J.: 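Attaching a single structure in structure tokens format; questions to follow.
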Amino acid sequence: MHKPVILVLGTTGQTGSKVLAHLDEAPGDYAIRICSRRQQQVDEWTSRGRDAVRLDLDDPATFGPALNSVDRMFVISGYTVDMLFQIKTLVDAAIKCGVSHIVHQGVFANWDTTDPHFIWHQLVESYIKASGIAWTHLHPNYFMENLLGLTALQKGSFPMFVNNKAVGWIALDDVAAVAVRVLCEGPQKHSGKDYWLSTDSLTGDQAAELLTDVLGQTVVCDHKTPDELATLMQGAGVEPNYAAGVVDFMRQVIDGRMAYVATIRDDVPYVTGRPSISFREWCQQKREALLQGI
Ligand SMILES: NC(=O)c1ccc[n+]([C@@H]2O[C@H](COP(=O)([O-])OP(=O)(O)OC[C@H]3O[C@@H](n4cnc5c(N)ncnc54)[C@H](OP(=O)(O)O)[C@@H]3O)[C@@H](O)[C@H]2O)c1
């Protein structure tokens, strides 16, 4: 019997690495292919016996060999406006290669959002929908893992940029669990579905309170302005167009245009059959890593 070939993009990143880890543990018989834009990384994976190929989203010439014989793929792009041409060309190649299902990671956007980087995701989603390939779109809200990333807890404090407005949080293990269920169960069950991933609605101060409780150490939220985020992202080398989009997102949360990001909309139990990970549980799971930031 034909084993579905599943290609996972972005496995060196924070979401893709979890998708791969969950996929490696998933019951069932699948052929898993991973990819990187860096040949050295591909060689390292290949030497460990993995099916690994070079795929550079900026170089469509790499798409044909990478997508050949792929049935289903997890599509993710980095923090850049380049997602527009990257995913457009990738989808074109997927059509030519006969890929039958695309599972795409987007954002938690209302249909009429006015935030630039949310709109780029929507345009990508529209193109995937129009491609004729079966699709499933994931809409994660604010990653809990941001507390271990660019806006990490440091010296007992973490920054937020929304004037203590609430946002919906999601654990990346939940995003990965949903993605993997969808990839394994395939288009027959999940084609044409949007899954919304926002499990806990908390202000920065409420998140700090929970962190304090779980870690047994005082944690505070440092309320900064969107302009301060612009400076932080510039220093971290975030692509300028994307950075401007994120700053605009913060402004729109503050002025209420994007107040809906505080909504809880939790499809995790429906797709995976288990409850989603609450913010408190996530803090407990990541206790050791978070304590490094005290
Ligand atoms: N942070 C949030 O709260 C949040 C919330 C909702 C949605 N999102 C969305 O999530 C996505 C980012 O997910 P993430 O945090 O998992 O990203 P990430 O950790 O930055 O990982 C991005 C992955 O994409 C790969 N990649 C980047 N450019 C590539 C290229 N040209 N060719 C091939 N691979 C390339 C990277 O590979 P390399 O190792 O080669 O760089 C890496 O594996 C974005 O679309 C963002 O809008 C974020």
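Heads up: numbering here begins at 1 and tracks the sequence. Values below: all heavy atoms of this structure, side chains included; hydrogens, waters and symmetry mates excluded. Treat the numbers as computed from the prediction; the structure is a model and nothing was measured. Note that ligands are numbered from 1 as they come in the structure, with each ligand's atoms numbered from 1 the same way.
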J.: Would you say Pro140 and ligand 1 have an N/O pair spaced under 3.5 Å apart?
T.: no

J.: Could you see which bit of Arg38 sits under 4.0 Å from ligand 1, with heavy atoms only: side chain, backbone, both or neither?
T.: side chain

J.: Only heavy atoms of Asp58, strictly under 4.0 Å: list the atoms of ligand 1 that pass.
T.: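 In order of numbering, the contacting atoms are 31 (N).
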
J.: Using a 4.0 Å heavy-atom threshold (strictly under), name the region of Glu145 that reaches ligand 1: side chain, backbone, both or neither.
T.: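 The answer is neither; Glu145 stays 4.0 Å or more away.
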
J.: Under the rule for ring pair (Phe, Tyr, Trp, His ring centres under 6.0 Å), what residues qualify as partners of Phe158, not counting sequence neighbours?
T.: none

J.: Tyr127 vs Asp92, test: side-chain contact (heavy atoms from CB on, under 4.5 Å). Steps then yes/no.
T.: CA-CA 10 Å; Tyr127 195 74; Asp92 294 344; 2.6 Å; yes

J.: Quick one: does ligand 1 sit under 4.0 Å from the side chain of Ile76, the backbone, both or neither, non-hydrogen atoms only?
T.: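 Only the side chain of Ile76 comes within reach of ligand 1.
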
J.: If we only count N/O pairs under 3.5 Å, is Thr15 in contact with ligand 1?
T.: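 In this structure, Thr15 places an N or O atom under 3.5 Å from an N or O of ligand 1.
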
J.: Does any N or O of ligand 1 fall below 3.5 Å from an N or O anywhere on His117, backbone included?
T.: no

J.: Let me see the working for Asp194 and Thr136 under side-chain contact (heavy atoms from CB on, under 4.5 Å), right down to the final yes or no.
T.: CA-CA 6 Å; Asp194 288 279; Thr136 308; over 6 Å; no

J.: Between His137 and Trp135, what is the ring plane arrangement, given parallel below 30°, perpendicular above 60°, and tilted in between?
T.: parallel

J.: Under 6.0 Å between the ring centres of Phe161 and His223?
T.: no

J.: Quick check: do Lys224 and Leu229 have side-chain heavy atoms less than 4.5 Å from each other?
T.: no

J.: Under 4.0 Å from ligand 1, counting heavy atoms only, is it the side chain of Leu9, its backbone, both or neither?
T.: neither

J.: Is the ring pair Tyr242/Trp120 parallel, tilted or perpendicular, if the boundaries are 30 and 60 degrees?
T.: tilted

J.: Checking a contact table here: which protein heavy atom is nearest atom 41 (O) of ligand 1, and how many Å away?
T.: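 Looking at atom 41 (O) of ligand 1, the protein heavy atom closest to it is Arg37 NH2, 2.7 Å.
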
J.: Backbone N or O of Lys189 within a donor-acceptor pair of the Lys193 side chain at under 3.5 Å?
T.: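 The answer is yes, because a donor-acceptor pair under 3.5 Å joins these two groups.
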
J.: By number and element, which atoms of ligand 1 are closer than 4.0 Å to a non-hydrogen atom of Tyr242?
T.: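 Result: 46 (C), 47 (O).
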
J.: Which atoms of ligand 1 sit under 4.0 Å from any heavy atom of Asp56?
T.: 30 (C), 31 (N), 32 (N)

J.: Any heavy atom of Ile170 closer to ligand 1 than 4.0 angstrom?
T.: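 No heavy atom of Ile170 comes that close to ligand 1.
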
J.: Looking at Ser77, which atoms of ligand 1 are within less than 4.0 Å of one of its heavy atoms?
T.: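 Close to Ser77: 11 (C), 12 (C), 44 (C), 45 (O).
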
J.: Side chain or backbone of Phe108 under 4.0 Å from ligand 1, or both, or neither, by non-hydrogen atoms?
T.: neither

J.: Do you reckon Tyr79 sits in the same ILVMFWY cluster as Leu123, going by side-chain contacts under 4.5 Å, direct or chained?
T.: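 In one cluster with Tyr79: Leu123, yes.
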
J.: Under 4.0 Å, heavy-atom basis, I'd like to know which part of His121 is in contact with ligand 1: side chain, backbone, both or neither.
T.: side chain

